[in-house]
J.: 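Pasting a structure below so you can have a look.
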Amino acid sequence: MARPTRNRLSGGASRSPRAAPSALACASGSAWVYLAAAAIFGRLFGLSAGLLYPVGAFLVVFAATLLFVASRPTVGRPAVAVVIALNIAWVAASVEVLVAGWFPLTALGVALVVAQAVVVAGFAALQIAGLRRTAF
C-alpha cells in the first residue's frame, strides 16, 4: 500500500505542500496567458499559436490537478510521483524544443523556454526532496 505524505507548512498552519502554491500560480498563470494571447505571444516568442493553445489547455488541467492534490489532507506518494514525472517531462520537452529547432524561436522565445525549464526543474527538485523526507 502506498504510504501517504503529509501536506503542511512549517508549524502545521496549512495543508498545502511548500512548493504547491508557487507551482499552481505558475501553471495557471501561464495557461491563461497562452490561451488568451496565443497569437500575440506566438509572434513575440517565435512559437506557433497552434502549439500554445494545446499547451495552455494542458496547463489548465495540470493546474486543476495540482489544486486538487494540494487540497488533500494527505497525498499518496504515487500522486506526488506523477506530478514530478510531468514536471521532468516538461523540462525534457523544453530542452527538445531548444535542441531540435522545431520552431523559429526569437531571443525572447529562447529565454522563455529556458526560464520555464529552470523554474519547473526547481519545482521538481523541491518535490523530490519533499518525497525523500517523507520516506522515513
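Just so it is clear, the model here is predicted, and its values are computed rather than measured. The first residue in the sequence is number 1, and the count goes up from there.
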J.: State which residues pass side chain to side chain contact (heavy atoms under 4.5 Å, CB included) with A121; sequence neighbours excluded, sorted by chain then number.
T.: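 A121 satisfies side chain to side chain contact (heavy atoms under 4.5 Å, CB included) with V91 only.
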J.: How close do V120 and W90 get, heavy atom to heavy atom, and via which atoms?
T.: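 The answer is CG2-CD1, 3.7 Å.
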J.: How would you list all residue pairs meeting side chain to side chain donor-acceptor pair (under 3.5 Å) that involve residues 96-115, not counting sequence neighbours?
T.: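 Found none.
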J.: Applying ring pair (Phe, Tyr, Trp, His ring centres under 6.0 Å), name anything that partners F103, two or more places apart in sequence or on another chain.
T.: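 Residues passing ring pair (Phe, Tyr, Trp, His ring centres under 6.0 Å) with F103: none at all.
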J.: Can you hop from V61 to F123 via hydrophobic side chains spaced under 4.5 Å?
T.: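 Different clusters: V61 never reaches F123 through Ile, Leu, Val, Met, Phe, Trp or Tyr contacts under 4.5 Å.
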J.: Which residues pass the side chain to side chain donor-acceptor pair (under 3.5 Å) test with Q116, sequence neighbours left out?
T.: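 Listed in chain order: Y34.
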J.: Got a sec, which pairs hit side chain to side chain donor-acceptor pair (under 3.5 Å) with one end in residues 53-64, sequence neighbours left out?
T.: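 Checked against side chain to side chain donor-acceptor pair (under 3.5 Å) - neighbours excluded - no pair reaches residues 53-64.
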J.: May I ask you to test the L105-V97 pair for a side-chain heavy-atom distance under 4.5 Å?
T.: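 L105 vs V97: side chains touch.
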J.: Output the rest of the hydrophobic cluster of V99: all Ile, Leu, Val, Met, Phe, Trp and Tyr residues reachable through side-chain heavy-atom contacts under 4.5 Å, sorted by chain and number.
T.: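 Members alongside V99: V95.
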J.: Give the other cluster members for I40, using side-chain heavy-atom distances under 4.5 Å between Ile, Leu, Val, Met, Phe, Trp and Tyr residues; answer none if it is isolated.
T.: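 I40 shares its hydrophobic cluster with no other residue.
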J.: Within a strict 4.5 Å, meaning less than it, do heavy atoms of the F58 and V55 side chains meet?
T.: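 SC-SC contact between F58 and V55 ruled out.
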J.: What residues form a side chain to side chain contact (heavy atoms under 4.5 Å, CB included) with A107, not counting sequence neighbours?
T.: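 With sequence neighbours excluded, A107 shows a side chain to side chain contact (heavy atoms under 4.5 Å, CB included) to no residue whatsoever.
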J.: By side chain to side chain contact (heavy atoms under 4.5 Å, CB included), which residues pair with V82, not counting sequence neighbours?
T.: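 Only L86 meet the side chain to side chain contact (heavy atoms under 4.5 Å, CB included) criterion with V82.
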J.: I'd like to check F62 versus V83 (side-chain heavy atoms, cut-off strictly below 4.5 Å). Are they in contact?
T.: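 Heavy-atom side-chain distance check passes, below 4.5 Å.
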